[in-house]
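To keep things clear, I will list the structure first and then write my remarks on it.
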Amino acid sequence: MRFMPALTETQKQFFQENGYLMAPDAVTPAELAALRRDFDGWVAESRTKTENYGEILDGRPRFDLEPGHSATQPALRRVNSPVEVSQAFHDVMASSRMTDYVADLIGPNVKFHHSKINSKLPGAATKVKWHQDFPFTPHSNDDLVTALLLLDDMTEENGALEVLAGSHRGALHTLWHNGAFTGSIEETVADEMQNRAALCLGEAGSVCLMHTRLAHGSKPNLSKMPRTLFICVYSAEDAVPLVPNPVPSRLEGQIVRGERTGRVRSKDFTLKLPQKPAQASFFSQQAATYDG
Ligand SMILES: O=C(O)CCC(=O)C(=O)O
């Protein structure tokens, strides 16, 4: 059964002002259980692997292992495009309460861009340096939402997402430094953002809805509990991508709410186009230092 759109005016206003919104109950308990079942299966499989494996549309690996990954201490940090290999992930992306929330923010016509899982298993060093999403996935306009669905409770200890409220209304920060696309904001600016960051805490089944220009990052998981996020990027149907998809899939451009109009809407902005990661994910780009 489909849910009706469910964001209140207050929630929508919070999103407009702050550039993000934590919304509970984005999936049903049954949907959450199915997502967890498939993810647990991938973690179990990763224990048998010593290097990145699987393949997405452009030939890069689907499953990305943090350096130090082992059978006893698995550190599967990324699953690229899970919607292509799991019915449960596909269905939540295409038609869940999460999808309705997104349509409330950038609808009525919404299309899918890409999906991934960012996982921080207990003991893994995975962190995400501060960045905005738009410079990775520039479109003709910035009506894009990154929906980060919590498959586990997200707490201060397990590497919660951190955001700079209101930053979506500010500058677009370059992710290029000394001629290299690092996928991260310059360190002194990032430190300043970190000092003013808000933690996005919530129960499994909640979603953090993030404007594509919102600055955000996250620290390593220092707890014994996993922190798994199913991340879906959606755009308004009239936002046209300016660069190849960093996580391409045969589902890119699928209309998930409303209809296809074929129109393009553009907004004035300037940025330097990104570099697609040569390896499995942006973690390798972020690992590069600013002067290396
Ligand atoms: O996994 C995280 O903590 C952050 C995810 C993220 O930065 C993104 O989806 O752009």
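Every number for a ligand or one of its atoms is a count from 1 in the order of the listing. All residue numbers refer to positions in the sequence shown, counting from 1.
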Is it the case that H114 and N80 place a side-chain donor and acceptor less than 3.5 Å from each other?
-> no
Kindly indicate whether the side chain of E45, heavy atoms from C-beta on, has any atom under 4.5 Å from the side chain of F63.
-> yes
Side-chain heavy-atom pair M225, D152 within 4.5 angstrom cut-off = no
Would you mind telling me which of K267, H168, Q132 makes a side chain to side chain donor-acceptor pair (under 3.5 Å) with D142?
-> K267
Salt bridge between R78 and D64, side-chain N to carboxylate O under 4.0 Å?
-> no
Could you tell me whether E31 and R97 have a side-chain N and a carboxylate O separated by less than 4.0 Å?
-> no
Listing by chain and number, which residues have a heavy atom under 4.0 Å from ligand 1?
-> N118, V128, H131, D133, L148, L161, H216, S218, R227, L229, I231
